[in-house]
> 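Have a look at this one before I ask anything.
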Amino acid sequence: MTKRELAKVYEPHQVEARWYEYWASRGYFRPRTDAQAEPYSIVIPPPNVTGSLHVGHALNNSLQDILIRWRRMQGCAALWIPGMDHAGIATQNVVERQLAAEGATREALGREAFVQRVWQWKEQSGGTILRQLRRLGASCDWDRTRFTMDEGLSKAVREVFVRLYEDGLLYRGERLINWCPRCLTALSDIEVEHEETTGKLYTIRYPLADDPLRHLLVATTRPETMLGDTAVAMHPDDERYRHLIGKRVQLPLTTRDIPIVGDPILVDREFGTGAVKITPAHDFNDFAAGERHHLPRVKIMDLHALLAAPLLRTAEAEPSVVEVIGGLPVNKARPKIEHMLAERELLEKIEPHKMALGKCYRCKTVVEPMLSDQWFVRIQPLAEPAIRVVEEGEIRIIPEAWKNNYLGWMRDIKDWCVSRQIWWGHQIPAWYCETCYGRPFLKRASDGAAVIPSDAVPIVAKTQPQACAQGHPTLHQDPDVLDTWFSSALWPFSTLGWPEQTEDLKKFYPTSTLVTGLDILFFWVARMIMMGLKFMGNVPFRDVYIHALVRDAEGQKMSKSKGNVIDPLHVMEQYGTDSLRFTLASMSTPGRDIKLAEERIEGYRNFANKIWNAARFILMNLDGRRAAVPAPERSVADRWILSRLNATIRSVTQSLEQYRFDQACGTLYQFIWHEYCDWYLELAKVSLQQPDSSEAQQTRQTLLESCETVMRLLHPFMPFLTEEIWQTLPHEGESIMIRPYPIVDPTWEDQKAEDSLSLFQHSIALLRTGRALVNYSPSAQVAFFVDSLNPGGPVTLRALKTALRVLGRGPVEVLPHAQWNAPRLLRLSAQGLTVGLHIQGEVDVKKAVDRIIKQRDEEQKEALRLQGKLSNKEFVDKAPPEIVADHHQRLAAMTQNQAILESSLRQLQAMA
RNA sequence: GGGCGAUUAGCUCAGUGGUAGAGCGCUUCCUUCACACGGAAGAGGCCACAGGUUCGAUACCUGUAUCGCCCACCA
């Protein structure tokens with residue numbers, strides 16, 4: 001396409017698809033292999049295989065792509081490893097829902113067929129998100145795409161499991177864990193979300209066993225669990241109850257009586273009645289208290305969180321009670337219990353009470369503390385070095401505010417429950433010998449899986465053993481799978497080929513930067529640090545950049561149910577990928593959530609179009625011109641823009657080094673729009689008026705050079721637009737994305753040119769203000785004077801006279817203010833600069849008069865303030881001299897301004 | 001209950017111990033040969049509140065209020 005055919009409006013669509021294909025086909029996403037190139041690597045936070053791109057992903061991956069493109073252009077061997085997470089529970093839920101739609105269940109299908117079905121689904125519809133990342137421009141090395149359940153990563157998982165076990169950092173045992181009664185699996189502590197709710201605090205009368213007419217008052221929020229009580233506790237130093245310790249109470253609704261124990265840890269004397277029921281099988285505190293007092297654990301709930309009749313009978317509930325609540329879920333049973341207690345006059349009172357309800361992070365079902373056999377990682381020994389590397393700065397957390405968050409959690413970390421009672425995931429590499437155990441294992445009714453007894457001895461191995469140590473072939477593999485975050489924890493080294501000692505591993509581990517959201521700091525980041533240190537002996541990454549959460553314009557979390565979701569695919573379709581990327585990056589202020597509104601994206605779409613048209617202008621002027629010898633020296637304008645560009649390069653690079661994407665974008669926006677387009681292109685037009693002059697040739701060269709540099713500077717942020725323009729400009733090389741990133745060039749720095757242009761800009765601005773005050777159309781030619789009271793000012797202005805005339809649209813004279821001699825002049829003055837505008841014909845000067853009066857009054861006020869400060873002895877003595885001098889200077893300038901404004905005012909009033 | 005963060009223009013947000021800034025929106029003017037997804041000129045702020053430090057505080061310190069987030073087994 002020739003340059004003249006470029007459309008007036010930038011159309012991102014074909015451009016994006018075309019260039020992405022071009023980059024991919026030429027292998028630019030692979031890291032360069034020359035030995036001296038410094039490695040720079042990022043592993044992607046693997047999105048769920050079920051996922052599709054939402055705006056959070058768009059942010060996360062835009063930032064990663066900015067970093068990786070930037071470093072690649074800087075000459076690093078830049079590697080960005082993509083991949084996906086199998087997302088155990090989430091994926092299982094998705095496929096189960098599909099089955100349900102077909103009227104099937106996973107139990108009916110059986111484990112093997114179900115897992116196969118998930119794989120099948122994964123091959124067909126999984127990984128949509130990776131295609132969407134391409135749309136976003138993500139320059140991942142797709143040849144290295146990994147999946148947490150692919151062969152290599154599964155091998156890494158087994159290796160880690162075995163070694164942790166051998167090192168005594170993994171154990172299996174019966175503990176109270178968080179149980180999701182809908183997903184039917186254990187959850188780790190952080191997989192439980194707490195939600196504040198108002199419940200009720202029940203005060204119940206427990207009759208004393210030896211004196212049933214007297215009662216002990218016990219407070220609880222969960223009366224339905226009382227059937228599992230095995231003791232009542234009070235503080236041993238509590239005067240009210242001390243005599244009761246050792247006695248027993250009759251447990252209402254049952255035929256049991258239970259002991260009264262003293263427990264200073266569990267009981268807070270100030271709360272409730274000072275007496276607490278202990279239900280070791282259904283409450284975390286009570287479980288611990290039960291251990292201290294060697295209490296039995298009475299289970300009254302099954303895995304669906306139903307108060308199952310057989311369990312209730314075992315708990316010695318009265319038959320009539322079993323009749324009423326047997327088989328009911330917790331929330332249905334509670335009012336029945338309440339009613340029965342009230343009937344027996346055992347309910348003292350009910351008060352409203354605030355409490356935090358735990359919910360499953362995958363399905364929002366209320367979780368139950370449940371007693372069961374699970375695998376745990378002994379976390380303390382892993383946490384200690386992981387704390388140290390962050391404390392000592394070997395890993396930097398950015399913004400630093402989150403560091404304490406991390407350290408606080410790590411210092412108080414609990415053992416990690418890693419077994420899940422689902423089918424989709426890495427099955428635990430532990431086997432149990434039925435023969436050695438001595439009794440046949442029970443079979444679970446639902447799926448026929450062996451129920452492994454608590455005290456069975458596991459054989460942990462990387463591959464399935466044929467027989468146990470005694471030679472028995474009667475082995476059963478643990479039916480459970482590992483927490484999905486177990487494999488994610490290995491991601492930075494498993495994706496590089498570990499446990500093999502690959503070249504990639506040697507070159508790219510530790511990775512350079514991890515870009516992620518705060519929501520998975522504990523789930524993922526902390527665990528990667530622990531596992532990296534344990535298995536690689538080194539940190540998994542140097543920098544952790546934590547970005548914000550994207551919310552809607554009202555600050556609400558985006559969710560499908562609220563209907564406030566901004567779909568990045570839709571946005572890219574409508575405004576272009578570059579606009580979306582630039583918007584997200586420019587809003588990435590550290591430590592603050594992003595409230596994303598569509599208008600914002602539109603604004604940056606306009607920015608992209610502005611750039612497009614600037615480039616179009618340059619191309620039009622480069623095109624078809626007779627070659628002239630460039631002028632020996634660059635013009636002031638040329639030197640100025642190169643000096644400003646240089647400062648921009650410095651600033652953008654510094655911002656990127658500090659992960660200040662917002663600052664980098666702001667700097668680029670300001671420079672490109674308000675310096676490059678608003679001023680430089682206008683100034684360039686002046687010298688291009690004689691297209692065949694050597695000055696014009698020099699300007700064309702500067703235009704080309706600066707534009708090409710700006711494109712490279714902007715490329716990491718707006719990869720498509722910049723490639724499209726860059727390819728159209730005369731250029732060297734195949735693609736902008738493999739050209740060097742601009743570096744600061746000291747020879748471009750030119751403070752004198754910057755000062756000159758600053759004076760020029762102020763003159764034009766003042767003149768335009770004057771024209772607006774008397775309503776002159778921008779095209780009308782109006783003569784004007786200009787004078788600078790600063791030394792050197794007039795010389796500078798005279799040198800720029802042509803530009804003043806063209807941009808000021810009128811004949812201009814640079815003369816000392818005293819020599820201005822015209823009957824009708826509108827004079828405006830600011831900062832030692834004065835402009836006088838010839839007023840022609842009939843104009844309404846009232847607006848100008850008002851404006852000048854206003855300005856004069858404001859300046860008077862400010863002058864008085866300055867005078868006051870300067871006559872304050874303390875200020876003059878104690879403030880830094882440069883500040884005092886600055887105040888003096890400003891006061892002087894203001895006095896001059898005022899004189900001019902006054903005379904201007906008199907003249908205008910005479911005219912009116 | 002503990003910890004952290006926020007409070008600046010109508011909205012979304014930068015920012016600094018010494019003249020308060022941007023984007024969007026708003027008002028007025030302009031279709032001038034890069035761009036109306038544009039240009040120009042404007043209006044609009046006791047920088048949450050109260051104390052303190054300082055010659056000087058929107059910025060530093062303390063407290064208060066409101067909002068948000070994270071953590072937490074007080075029955």
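As the structure is a prediction and not an experimental result, all values here were calculated from the model. First the proteins, then the strands, lettered A, B, ... as listed; each starts at 1.
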> Please work out if K610(A) contacts a base, only the sugar-phosphate, or nothing of the nucleic acid, heavy-atom cut-off 4.0 Å.
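Counting heavy atoms under 4.0 Å across all strands, the contact made by K610(A) includes a base.
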> Atom CZ in R600(A), atom CG in L580(A): separation rounded to 0.5 Å?
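So the CZ of R600(A) and the CG of L580(A) are separated by 13.0 Å.
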> Side-chain N or O of W673(A) less than 4.0 angstrom from OP1 or OP2 on G39(B)?
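Yes, such a contact exists.
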> Could you give the distance separating A43(B) and C37(B) at their C1' atoms, to the nearest angstrom?
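The answer is 25 Å between these two C1' atoms.
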> Report the distance from atom CZ of R616(A) to atom C1' of C33(B), rounded to the nearest whole Å.
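Rounded to the whole Å, the gap is 11 Å.
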> For the pair made of CD in E351(A) and P in A75(B), what is the distance, rounded to whole Å?
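Those two atoms, CD and P, are 12 Å apart.
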> Any side-chain N or O of T769(A) below 4.0 angstrom from OP1/OP2 of G42(B)?
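Yes, because at least one side-chain N or O of T769(A) sits under 4.0 Å from OP1 or OP2 of G42(B).
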> If I take atom NE2 in residue H674(A) and atom P in nucleotide C24(B), what distance separates them, rounded to the nearest angstrom?
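In whole Å, C24(B) P and H674(A) NE2 are 7 Å from each other.
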> Do any side-chain nitrogens or oxygens of R600(A) fall under 4.0 Å of OP1 or OP2 in C24(B)?
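For R600(A), the contact criterion (side-chain N or O under 4.0 Å from OP1 or OP2 of C24(B)) is not met.
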> With respect to the side chain of A219(A), which nucleotide from G18(B), C55(B), A75(B) is positioned closest?
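Nearest to the side-chain atoms of A219(A), counting from C-beta on, is A75(B).
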> Tell me whether T577(A) contacts the main-chain N or O of M572(A) through its side chain, where contact means a donor paired with an acceptor under 3.5 Å.
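Such a contact is absent between T577(A) side chain and M572(A) backbone.
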> Counting the atoms with a prime plus P, OP1 and OP2 as sugar-phosphate, which does H282(A) contact under 4.0 Å by heavy atoms, base, sugar-phosphate, or nothing?
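Answer is nothing: H282(A) stays at 4.0 Å or more from every strand.
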> Using a cut-off of strictly less than 4.0 Å, decide whether R851(A) has a side-chain nitrogen or oxygen near OP1 or OP2 of G42(B).
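Looking at the OP1 and OP2 atoms of G42(B), one of them is under 4.0 Å from a side-chain N or O of R851(A).
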> Give me the distance, rounded to whole Å, that separates A34(B) from A20(B) when you measure between the P atoms they each carry.
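To the nearest whole Å, 38 Å.
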> Closest approach to the side chain of R768(A), judged atom by atom: which nucleotide of C37(B), A41(B), A34(B) is it?
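Between C37(B), A41(B), A34(B), the one nearest the side chain of R768(A) would be A41(B).
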> What contact category does I278(A) fall into here, base, sugar-phosphate, or nothing, at under 4.0 angstrom with non-hydrogen atoms?
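Nothing: the residue I278(A), judged by heavy atoms under 4.0 Å, touches no strand.
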> So, under a plain 3.5 Å distance rule, would you say the side chain of K685(A) forms a donor-acceptor pair with the base of A34(B)?
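Yes, the side chain and the base share a sub-3.5 Å donor-acceptor pair.
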> Just to be sure I understand the rule, does K854(A) reach a base, reach only the sugar-phosphate, or reach nothing, if contact means heavy atoms closer than 4.0 Å?
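Counting heavy atoms under 4.0 Å across all strands, the contact made by K854(A) is with sugar-phosphate only.
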> Using a heavy-atom cut-off of 4.0 Å across all strands, would you classify P880(A) as base, sugar-phosphate, or nothing?
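Base: the residue P880(A), judged by heavy atoms under 4.0 Å, touches a nucleobase.
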> Look through every strand shown and name the nucleotide pairing with C60(B) as Watson-Crick or G-U wobble, where both distances are under 3.5 Å.
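Partner of C60(B): G52(B).
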> Over all strands shown, is G868(A) touching base, sugar-phosphate only, or nothing at heavy-atom distances under 4.0 angstrom?
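Nothing, no nucleic acid heavy atom in range.
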> Taking the six-membered ring for Trp, is the centroid-to-centroid distance between H887(A) and F875(A) below 6.0 Å?
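Here the rings of F875(A) and H887(A) have centres that are less than 6.0 Å from each other.
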> Looking only at the side chain of R890(A) (C-beta and beyond, no hydrogens), which of the listed nucleotides C35(B), U19(B), C55(B) gets closest?
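Out of C35(B), U19(B), C55(B), the nucleotide with an atom closest to R890(A)'s side chain is U19(B).
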> Using heavy-atom distances to pick each residue's nearest nucleotide on RNA chain B, tell me which of F522(A) and M587(A) is more 5'.
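It is M587(A), whose closest nucleotide lies nearer the 5' terminus.
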> Taking atom C1' in both G18(B) and C13(B), what distance in whole Å separates the two?
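Taking atom C1' in both G18(B) and C13(B), they lie 25 Å apart.
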> Given atom CH2 of W402(A) and atom C1' of G3(B), what is their separation to the nearest angstrom?
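It works out to 11 Å between those atoms.
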> Could you give the CG-to-C1' distance, from D678(A) to C35(B), as a whole number of Å?
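So the CG-C1' distance, D678(A) to C35(B), works out to 11 Å.
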> Return the pairing partner of A36(B) with a 3.5 Å limit on both distances, Watson-Crick or G-U wobble; otherwise return none.
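No nucleotide pairs with A36(B).
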> Identify whether any heavy atom of S777(A) sits under 4.0 Å from a base atom; if not, whether one sits that close to sugar-phosphate; answer base, sugar-phosphate or nothing.
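The answer is nothing, as S777(A) stays clear of every strand by at least 4.0 Å.
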> Applying the Watson-Crick and G-U wobble criteria at under 3.5 Å, what pairs with G44(B)? Answer none if nothing qualifies.
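Result: none.
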> Taking the six-membered ring of F617(A) as reference, does the NZ or CZ atom of K685(A) fall below 6.0 Å from its centre and within a 45° cone about the axis?
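Checked: cation-pi criterion met.
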> Roughly how far apart, to the nearest Å, are G68(B) and C73(B) at atom C1'?
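Taking atom C1' in both G68(B) and C73(B), they lie 25 Å apart.
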> With RNA chain B as reference, determine whether G603(A) or A615(A) sits nearer its 5' end, using the nearest nucleotide of each.
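The residue mapped nearer the 5' terminus is G603(A).
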> Roughly how many Å is it from NZ in K873(A) to P in C55(B), rounded to a whole number?
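For the pair K873(A) NZ and C55(B) P, the rounded distance is 13 Å.
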> Rounding to a whole Å, what distance do you find between Y669(A):OH and C37(B):P?
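Going from Y669(A) (OH) to C37(B) (P), I get 14 Å.
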> Scan Q889(A) against the nucleic acid and name what it touches under 4.0 Å (heavy atoms): base, sugar-phosphate only, or nothing.
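It contacts nothing in the nucleic acid.
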> For G15(B) and C47(B), measure between their C1' atoms and round to the nearest Å.
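11 Å, rounded to whole Å.
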> Hey, does the side-chain of R605(A) have a donor or acceptor N/O within less than 3.5 Å of a partner on the base of C37(B)?
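Checked by distance alone, the answer is yes.
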> For H194(A) and C71(B), is the shortest distance between a side-chain N/O and OP1 or OP2 below 4.0 Å?
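No, because none of the side-chain N or O atoms of H194(A) sits under 4.0 Å from OP1 or OP2 of C71(B).
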> Rounded to the nearest 0.5 Å, what's the gap from NE2 on H282(A) to OG1 on T279(A)? Could you check?
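OG1 of T279(A) is found 8.0 Å from NE2 of H282(A).
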> Assign T589(A) to base, sugar-phosphate, or nothing according to its heavy-atom contacts below 4.0 angstrom with the strands shown.
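The answer is sugar-phosphate, as T589(A) gets under 4.0 Å only of primed atoms, P, OP1 or OP2.
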> Assess the pair Y604(A) and F717(A): is the distance between their ring centroids shorter than 6.0 Å?
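Y604(A) vs F717(A): aromatic centres not under 6.0 Å.
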> Considering only the C1' atoms, how many Å lie between A50(B) and A9(B), rounded to the nearest integer?
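Per the computed distance, 25 Å lies between those C1' atoms.
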> Taking any strand in view, what nucleotide pairs with C69(B) in a Watson-Crick or G-U wobble way, both distances under 3.5 Å?
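Here C69(B) is engaged in a pair, and the nucleotide opposite it is G3(B).
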> What is the base-pairing partner of C11(B), counting Watson-Crick and G-U wobble geometry with both distances under 3.5 Å?
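G23(B) is the nucleotide pairing with C11(B).
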> Whole angstroms only, please: what is the CG-P distance between L681(A) and G39(B)?
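Value for this atom pair: 11 Å.
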> Considering every strand and a 4.0 Å limit on heavy-atom distances, what is the contact class for F875(A): base, sugar-phosphate, or nothing?
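Base contact.
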> Once you apply a heavy-atom cut-off of 4.0 Å, does N405(A) come out as touching a base, just sugar-phosphate, or nothing?
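Here N405(A) touches the backbone only, sparing every base.
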> Mind checking the P distance from C49(B) to U7(B)? Whole angstroms is fine.
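After rounding to an integer number of Å, I get 13 Å for this pair.
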> Hey, does A614(A) reach any base, or is it just sugar-phosphate, or nothing, if we go heavy atoms under 4.0 Å?
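A614(A): base contact, heavy atoms under 4.0 Å.
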> When you compare G44(B) with G10(B), how far apart are their C1' atoms, in angstrom units rounded to a whole number?
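Per the computed distance, 9 Å lies between those C1' atoms.
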> Please work out whether the ring planes of F607(A) and W673(A) are parallel, tilted or perpendicular, with thresholds of 30° and 60°.
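Because their plane-to-plane angle is under 30°, the rings of F607(A) and W673(A) count as parallel.
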> Base, sugar-phosphate, or nothing: which does R411(A) touch, judged by heavy atoms less than 4.0 Å apart?
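If one applies the 4.0 Å heavy-atom cut-off, R411(A) turns out to touch nothing in the nucleic acid.
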> Any chance you could lay out the side-chain contact (heavy atoms from CB on, under 4.5 Å) test for V390(A) and K403(A), step after step, and finish with the verdict?
CA-CA 8 Å; V390(A) 171; K403(A) 186 171 151 182; 3.8 Å; yes
> Determine: side-chain N/O of N606(A) to OP1/OP2 of G38(B), distance under 4.0 Å, yes or no.
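The answer is yes; a side-chain N or O of N606(A) sits under 4.0 Å from OP1 or OP2.
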> Taking the basic N atoms (NZ, or NE/NH1/NH2) and the acidic carboxylate oxygens, is any pair closer than 4.0 Å for D229(A) and K277(A)?
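Salt bridge between D229(A) and K277(A), a charged N being under 4.0 Å from a carboxylate O: yes.
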> Contact class for V267(A) vs. all strands (heavy atom < 4.0 Å): base, sugar-phosphate, or nothing?
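Here V267(A) touches the bases of the nucleic acid.
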> Using modelled atom types and a 3.5 Å cut-off, is there a donor and acceptor pairing between side-chain atoms of H674(A) and backbone atoms of Q670(A)?
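Checking the backbone N and O of Q670(A) against the side chain of H674(A), no donor-acceptor pair under 3.5 Å is found.
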